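Side-chain atoms are counted along with the backbone in the values below, which use heavy atoms only and exclude waters and symmetry mates. Positions are given from 1, in the same order as the sequence printed here. Predicted model, so just to flag it, every value in this text is computed and none were measured.
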Amino acid sequence: QFCSVFPRPRPQWEVMATPVKTGVVGFGMAAQTFHCPLIAATANLDLAYVVQRSSDSAKEKYPGVTIVRSLAELLATDCALVVLATPSSDHYEQGKEVLTAGKHLVI
């Protein structure tokens, strides 16, 4: 016991029972090189969705992923965390949509 008032702190890297369903918006260089490999390699995260307007190349590299065609379509799913891998000029509007939908956000 940590003390009489607070319970023992959880280990910093304790694995959650259910990984967080994560969606990546965009599948350009940053998503392919950094975001998706990191999410796929992290035990607490599930790379569940990728937004690609016209291609299915993310599905080829990550067979378990579901391709959606728009941010609105992603926000209608059970995705809990959204990672924006889009041009920085789009971040404000997209980030506002994500937060308004009640999702967690990484920019």
Any pair counted as side chain to side chain donor-acceptor pair (under 3.5 Å), so long as it reaches residues 94-105, sequence neighbours left out: T86-Q94
All pairs passing salt bridge (Lys or Arg N to Asp or Glu O under 4.0 Å) where residues 29-45 contributes a residue, at least two apart: none
Within one Ile-Leu-Val-Met-Phe-Trp-Tyr cluster: V82 and V24, side-chain cutoff 4.5 Å: no
Set of residues satisfying side-chain hydrogen bond (donor to acceptor under 3.5 Å, both in side chains) with respect to S55, sequence neighbours excluded: S57
Identified side-chain contact (heavy atoms from CB on, under 4.5 Å) partner of L47 from the options I39, L38, V83: I39
SG-CG distance between C36 and L45, expressed to the nearest 0.5 angstrom: 11.5 Å
Joint hydrophobic cluster, V65 plus V51, side-chain heavy atoms closer than 4.5 Å: no
Where V50 and G26 come nearest, the two heavy atoms and their spacing: CG1-O, 4.2 Å
Q52 (side chain) donor-acceptor with A58 (main chain) under 3.5 angstrom: yes
Distance (rounded to the nearest 0.5 Å) between L81 CG and N44 CG: 11.5 Å
Residue pair L74 / G23: nearest heavy atoms and the distance that separates them: CD1-CA, 4.1 Å
Y49 to V68 - nearest heavy-atom pair and separation: CD2-CG1, 4.2 Å
Salt bridge (Lys or Arg N to Asp or Glu O under 4.0 Å) contacts touching residues 44-53 (sequence neighbours left out): none
Connected-component partners of Y92 among ILVMFWY, side-chain separation under 4.5 Å: none
Side chain to side chain contact (heavy atoms under 4.5 Å, CB included) partners of P37, counting only residues at least two apart: Y62
ILVMFWY network linking L99 to L71, side-chain heavy atoms under 4.5 angstrom: yes
Residues that I107 engages under side chain to side chain contact (heavy atoms under 4.5 Å, CB included), provided they are two or more places apart: L84, H91, L105
Spacing of CZ belonging to F27 relative to CD belonging to E60, to within rounding of 0.5 Å: 9.0 Å
Residue pairs fulfilling side chain to side chain donor-acceptor pair (under 3.5 Å) with at least one residue in residues 28-42, sequence neighbours excluded: none
Least distance between heavy atoms, A80 atom then V20 atom: CB-CG1, 3.9 Å
Salt bridge (Lys or Arg N to Asp or Glu O under 4.0 Å) pairs, two or more places apart, involving residues 65-88: K21-D78, D56-R69
